[in-house]
Amino acid sequence: MALKVVIVGGVAGGASAAARLRRLDENAEIIIFEKGEFISFANCGLPYYVGGVITKKERLVVQTPESMKRRFNIDVRTNSEVISINPAEKTVVVHDHRKNTRYTESYDKLILSPGARPVLPDIEGINSERVFTLRDIPDTYRLRNFVEKYDVKRAVLIGAGFIGLEVAENLHSLGVEVAVVELANQVLGPLDFEMAALVHQHLKSKGVELYLGRSVKAIEDSQEHATVVLNDSQALRADMVVFGTGVRPEAGLAARAGLKLGVTGGILVDEYMRTSDPDIYAVGDAVEVKDFVTGDPRLIPLAGPANKQGRIAADNICGRNEKYEGTQGTSIVKVFDMTVAVTGNNERLLSRKGTDYEKYIVHASSHAEYYPGATPMAIKLIFSKKNGKILGAQIVGYEGVDKRIDVISTAMRAKMTVYDLQKLELAYAPPYSSARDPVNIAGYTASNILKGDVRVFHWDQVSSIDRSQSVLLDVRTPREYMLGTIEGAVNIPLDELRGRLSEIPRDKSIYVFCHVGLRGYLACRILYQNGYSSVYNLSGGWKTYASAVLQRTML
């Protein structure tokens, strides 16, 4: 008798599971129920349709019910919402929204891929016609049609995550003035503050207004426009308001069926993507996953992991023994001309876990500086003090960011250490990289710290340095020093250091900095080898310090 598999929800997880099932079992009966009209669409591309980068609606649709039927012989039923599950009888109740009828469908195995829903605050005005979210294709059409129909001049974006900033950029490209409101004190939560500060500068250079550390108290609607009232009573005028304040797993169906939920509120699954019922699997944004770095339960809604989970669930249903080993959270976003990418954990997550870690920020160029067009790139590498295990990385730059984050992400998945990053043989030609790739440089720097060749301090530790027992030493050129330095710093350029050691006290700690960290490292090595024992180099140099401190003081 043929296996019958019912899948609730399409898009990345459900559609991937269905296609994989068919490749493994030609005789299986496979049914996908999707409560909306579209079963498989490019949700990561939705902001770019709003901005006109993607011009054709049909490019957003990856698969249609008809194409899934032709290629995979899969029965796809759209506008069909599964409203309940009876695990004992192995049936689901389906509401057909087109016919407004309900019926029961049986299954041998069930895969849940219900996704997640946007989080909206319970405030006055939230149901205004000027308020939008961007989660699916109907949301996208509604948003773009509104912009075109009403000649929108000003928009307020609530939430500065990946989607929020992508929408901000795409509305800006249409000539819309954009203001971004974010409850946290920074954009892009996976970044640490000093890396986000680089993005703040870039957004402001594009004319985007940032209201950080603020929340929305109410939305007051009028015939002409909406007014977004913030928690500090500041009022922002808007023709439209777009919420991108995160998502919450659609776990209600599973909970009502008696399936266990995890501590995060996502559907609890094991490493085989099985729920607490052995005949029911769950994948995608609705499930609680294991953090690849810490092993802790987390919600990490990303398309790549959802695809992999769908494939693994299908493999296990068909008798293969495949495990999902956790999510790193590797992701990337375009912010106007800038590219931002992350993998693994940031400092907030590691501090919460109590992990003993170190970090360093390398400022490098996208390719050989003597070849025209090189652009700056900041790489923050976070690693274990104990063994050099790579715990996370954040990169902010322009060209070549994607390449470097993928290399580090792969190294993490292979359980390599910062010492291994030094050894990687990466492709080099002047238009693409340097003989020592920025990833190699990050590995060299981290290894130097762990070997004791240099000790470091960080931008947020400067204010706590005891100046009576320490010297801040700026080893940049006099011209750089005059353009801005840390208050109270003494300037001795690196190339003059050996001849001016008598000016540096030996009974105090020496905190060295330069523009990005390289000259500071060289200065530290000179001082160490001349008998100075308490010497530290500023991670990321003046460039990181100035950006982070300036942004923090502006909040």
Side-chain angles (χ1 to χ4, degrees), residues 193-206 210 338 360-366 369-370 372-380 396-398 438 441 445 454-530 532 534-555:
F193 182 83
E194 71 275 24
M195 299 297 282
L198 300 172
V199 185
H200 298 168
Q201 291 176 326
H202 189 63
L203 287 167
K204 290 175 181 177
S205 75
K206 298 297 182 180
L210 291 179
M338 184 173 270
Y360 195 82
I361 296 174
V362 169
H363 292 279
S365 294
S366 57
E369 291 188 357
Y370 61 81
T375 57
M377 176 187 306
I379 301 179
K380 179 173 183 176
V396 176
Y398 298 86
I441 295 171
T445 305
V454 66
R455 285 183 282 181
V456 295
F457 69 111
H458 305 284
W459 69 273
D460 55 352
Q461 297 174 326
V462 172
S463 61
S464 62
I465 293 174
D466 183 351
R467 301 301 181 92
S468 68
Q469 301 296 318
S470 310
V471 172
L472 274 168
L473 179 60
D474 185 340
V475 297
R476 297 175 299 159
T477 65
R479 184 174 183 276
E480 289 175 291
Y481 176 77
M482 291 298 294
L483 290 173
T485 190
I486 299 174
E487 184 179 356
V490 175
N491 180 222
I492 301 178
L494 174 64
D495 294 343
E496 301 175 16
L497 184 60
R498 290 183 180 87
R500 296 176 62 179
L501 292 177
S502 61
E503 300 176 35
I504 304 172
R506 295 179 179 273
D507 60 346
K508 294 186 176 182
S509 296
I510 313 301
Y511 291 88
V512 183
F513 66 95
C514 63
H515 186 61
V516 297
L518 175 58
R519 284 174 289 174
Y521 166 65
L522 298 175
C524 285
R525 294 303 303 159
I526 292 171
L527 292 170
Y528 282 143
Q529 296 176 85
N530 278 277
Y532 292 83
S534 184
V535 182
Y536 304 84
N537 186 33
L538 178 60
S539 170
W542 167 256
K543 185 172 184 177
T544 294
Y545 173 84
S547 173
V549 170
L550 175 64
Q551 294 298 318
R552 190 166 65 175
T553 57
M554 290 175 65
L555 290 175

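Keep in mind it's a predicted model, so treat the numbers as computed, not measured.
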Enquirer: Do any N or O atoms from the side chain of S547 and from the backbone of T544 form a donor-acceptor pair under 3.5 angstrom?
Expert: no
Enquirer: Closest approach of G484 and R476, non-hydrogen atoms and distance?
Expert: O-NH2, 2.6 Å
Enquirer: For a quick test of reading the model, state the closest non-hydrogen atom pair linking V535 to Y532 and the distance between them.
Expert: CG2-CB, 3.6 Å
Enquirer: Starting at CZ of F193, measure out to CG of D460 and round the result to the nearest 0.5 Å.
Expert: 10.0 Å
Enquirer: Would you check, one step at a time, whether the test side chain to side chain contact (heavy atoms under 4.5 Å, CB included) holds for R519 with E480?
Expert: CA-CA 13 Å; R519 284 174 289 174; E480 289 175 291; 2.9 Å; yes
Enquirer: How many angstroms lie between CD in Q201 and CG in L210, if you round to the nearest 0.5 Å?
Expert: 11.0 Å
Enquirer: Just wondering, more than 12 heavy atoms not from E369 lying within 6.0 Å of its CD?
Expert: no
Enquirer: Provide the closest heavy-atom pair for M338 versus G397 in the form atom of the first, atom of the second, distance.
Expert: CG-O, 3.3 Å
Enquirer: If you measure from CD on E496 to OG1 on T477, what distance do you get to the nearest 0.5 Å?
Expert: 10.0 Å
Enquirer: Looking only at side chains, do S509 and S534 share a donor and an acceptor under 3.5 Å apart?
Expert: yes
Enquirer: Under the side chain to side chain contact (heavy atoms under 4.5 Å, CB included) rule, what do L501 and L527 come out as? Steps first, then yes or no, please.
Expert: CA-CA 8 Å; L501 292 177; L527 292 170; 3.7 Å; yes
Enquirer: Going by heavy atoms in the side chains, are K380 and E194 under 4.5 Å from each other?
Expert: yes
Enquirer: Check the pair I526, L494 against side chain to side chain contact (heavy atoms under 4.5 Å, CB included), reporting the backbone distance first and the verdict last.
Expert: CA-CA 9 Å; I526 292 171; L494 174 64; 4.0 Å; yes
Enquirer: Look up atom CG in D495 and atom CZ in R500, then write down how far apart they are to the nearest 0.5 Å.
Expert: 12.0 Å
Enquirer: If you look at every heavy atom in Y536 and V456, which pair is closest and at what distance?
Expert: CD2-O, 4.0 Å
Enquirer: Look at atom CZ of R467 and say whether more than 12 heavy atoms of other residues, nucleotides or ligands are closer to it than 6.0 Å.
Expert: yes
Enquirer: Got more than 12 heavy atoms from elsewhere within 6.0 Å of CD, Q529?
Expert: yes
Enquirer: Looking at I510 and P505, what are the two nearest heavy atoms and their distance?
Expert: CD1-O, 3.7 Å
Enquirer: Hey, does Y398 have a side-chain heavy atom less than 4.5 Å from the side chain of P376?
Expert: yes
Enquirer: Tell me the closest heavy-atom pair linking S366 and M377, and the distance in Å.
Expert: CA-CE, 4.0 Å
Enquirer: Indicate yes or no: at least one non-hydrogen side-chain atom of L538 is less than 4.5 angstrom from one of Y511.
Expert: no
Enquirer: Give the C-alpha distance, both sets of side-chain angles, the deciding distance and a yes or no for side chain to side chain contact (heavy atoms under 4.5 Å, CB included) between K543 and I361.
Expert: CA-CA 10 Å; K543 185 172 184 177; I361 296 174; over 6 Å; no
Enquirer: For the CD1 atom of I379 and the CE atom of M195, what is their distance to the nearest 0.5 Å?
Expert: 8.0 Å
Enquirer: Measure the spacing between CG of L473 and CZ of F513 and express it to the nearest 0.5 Å.
Expert: 8.0 Å
Enquirer: Are I504 and V490 close enough that some pair of their side-chain heavy atoms sits under 4.5 Å apart?
Expert: no
Enquirer: Between the main-chain N or O of G517 and the side-chain N or O of N537, is there a donor-acceptor pair closer than 3.5 Å?
Expert: yes
